[in-house]
Protein chains: 2
Amino acid sequence: MKPLIPSDATSKVLGAGTDPDREDLSLHDEILTRLRDHIVEGNIPDGGRVPERQLCEMLGISRTPLREALKVLASEGLVELLPNRGARVRQLSEHDLGELFDVMGGLEGLAGRLACENITDAEIAEIERLHYEMYGFYLHRDMHGYFRVNQLIHQKIVEASRNTVLLATYANFAGRIRRVRYSANFARKRERWGEAMREHETILDALRRRAGSELSDILFRHLRNKRTAAVEHLKADGMAGAEPA
Amino acid sequence: MKPLIPSDATSKVLGAGTDPDREDLSLHDEILTRLRDHIVEGNIPDGGRVPERQLCEMLGISRTPLREALKVLASEGLVELLPNRGARVRQLSEHDLGELFDVMGGLEGLAGRLACENITDAEIAEIERLHYEMYGFYLHRDMHGYFRVNQLIHQKIVEASRNTVLLATYANFAGRIRRVRYSANFARKRERWGEAMREHETILDALRRRAGSELSDILFRHLRNKRTAAVEHLKADGMAGAEPA
DNA sequence: GTCAGGTAAATTGAATGCAATATAATTAAG
DNA sequence: CTTAATTATATTGCATTCAATTTACCTGAC
């Protein structure tokens, strides 16, 4: 009866800025992004069911486009589709998380390698600036700020690779892991923190020298260390958290 | 033909509901796989429209599940969805192909690195066997056989990484590139062929020594060389091929 | 003959409807 | 009182339907 599409539903607030020229940010992508954010931000418990009708009302759409979006999210690995049993938000085991981090490590290593081929001096200067900003947060023990700038640095390196396919793939995996980050914000241990800071020194150094293979190696190992911390954290948290059937 | 995806979550055989035994592979995945193969095998011209109704009849389904599959294929990068203008099979530019090969290189490099951590002696022996089999094809100038075994070796290395996420991601990108391979089967130049054979010697050597970082490097560069050949090929072929709007 | 304008057919995007399956609620038996 | 069986409800998967946009076709003016 009511095709109640909120008049602001067409307003594109997401990414890439508002190109008056390029209008092709379709309604479907809008739904997809909103639903993805909804899940990534942890509004649905881990392993919990995704209530179609409820989300339909929330988004002001019918089931057809919602189910299309769910299929895409399933292919992205964010939810899993059980036959005749609907969608559940995918619960990551320690093993899954470990695999994801290793792939992230491979992608970041690749990004570093390619970045060394393409990065400009200005971009390196920008990353250096961020590096010292991050160092400041480290000294002040401001973990929140540190974490934010840290991610920004990694993002900058990926962008400097000048590879849009890599950029999209990286964003995809980052999204999957982000959900875990929301569920519990990585209380990084002190000793690991200092270690990570030293690793970032070597990252910057290799980047300055445009030492691609070397940077690739460093970045992979850097994420390997992050991986260990993350998996440990999930394990500890998993004990406290309730388990789904 | 044969999907070179071995046994991940998306591997399906094309049998319809005539399989009462194994029913857990959902109908949706079935449609998805069939449609993907249909496109990858080149039944629709590059950049051509994807006729919904026609495919519905071909697959014996209604538009709803077909459109769901198209959305997924779009997220995989195989087709692109134009608002109100339907789906077109995505035409890869030289630039796109180059980016894809670099990402493939990064993934294979990662696979090699992880394989060195996890591979068994038996698996190495198997790869050695394939290597010499491939060498035989090389000596006999049997490009078809060479190509087949070559892909198999790379596949084995990815499998030896023991990382299912990597395996699925690799399969995804391999699928995207496969379409280009169908459109014209890489007439590899002689000199490049010998070079590739030598590279494979070093790959095997590094694998035997479980030299992860080294193997990662070699594999990336190996794919870089493949990339150059592929892009050159697409460029030459693109001249002869029809151009899109 | 070419091009602009307008109308008709086709195609897309999304909502609704219906059969099939799973989940819950209830009842009956041990 | 607990547990198995049965019925009722809810949810899923897919087909059908409908409005909106696009594409093709046709007419007419220059």
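Here is the naming used below: chain letters follow the sequence lines, and residue numbers restart at 1 for every chain.
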Candidate list B:I61, B:N43, B:L35, test side-chain contact (heavy atoms from CB on, under 4.5 Å), partner B:L55, passing option: B:L35
Sequence neighbours excluded, every pair satisfying salt bridge (Lys or Arg N to Asp or Glu O under 4.0 Å) that has a member inside residues 74-84 of chain A: A:R36-A:E76
Spacing between A:E68 atom CD and D:dT12 atom C1', to the nearest angstrom: 16 Å
Partner residues of B:N84 under the side-chain contact (heavy atoms from CB on, under 4.5 Å) criterion, sequence neighbours left out: none
Whole angstrom value for the distance that separates C1' of C:dT16 from CG of A:L66: 15 Å
Derivation of the side chain to side chain donor-acceptor pair (under 3.5 Å) call for A:E159 and A:Q155: CA-CA 6 Å; A:E159 285 171 12; A:Q155 180 70 28; 3.3 Å; yes
Within-4.5 Å side-chain heavy-atom neighbours: B:R34 and B:L59: yes
Using atom names, set out every protein N or O paired with an N or O of nucleotides 11-13 of chain C below 3.5 Å, distance rounded to 0.1 Å.
{"residue": "C:dG13", "atom": "OP1", "partner": "B:N84", "partner atom": "N", "Å": "3.4"}
{"residue": "C:dG13", "atom": "OP2", "partner": "B:R67", "partner atom": "NH2", "Å": "2.5"}
{"residue": "C:dG13", "atom": "O5'", "partner": "B:R67", "partner atom": "NH2", "Å": "3.0"}
{"residue": "C:dG13", "atom": "N7", "partner": "B:R63", "partner atom": "NH2", "Å": "2.9"}
{"residue": "C:dG13", "atom": "O6", "partner": "B:R63", "partner atom": "NH1", "Å": "3.3"}

N-O pairing of B:D46 and B:R90 below 4.0 Å: no
Whole angstrom value for the distance that separates P of C:dA15 from NE2 of A:H28: 13 Å
Pair of N/O donor and acceptor under 3.5 Å linking D:dA15 base with B:T64 side chain: yes
Separation of D:dT16 P from B:E57 CD (nearest whole Å): 12 Å
Separation of atom CZ in B:R88 from atom P in D:dT22, rounded to whole Å: 13 Å
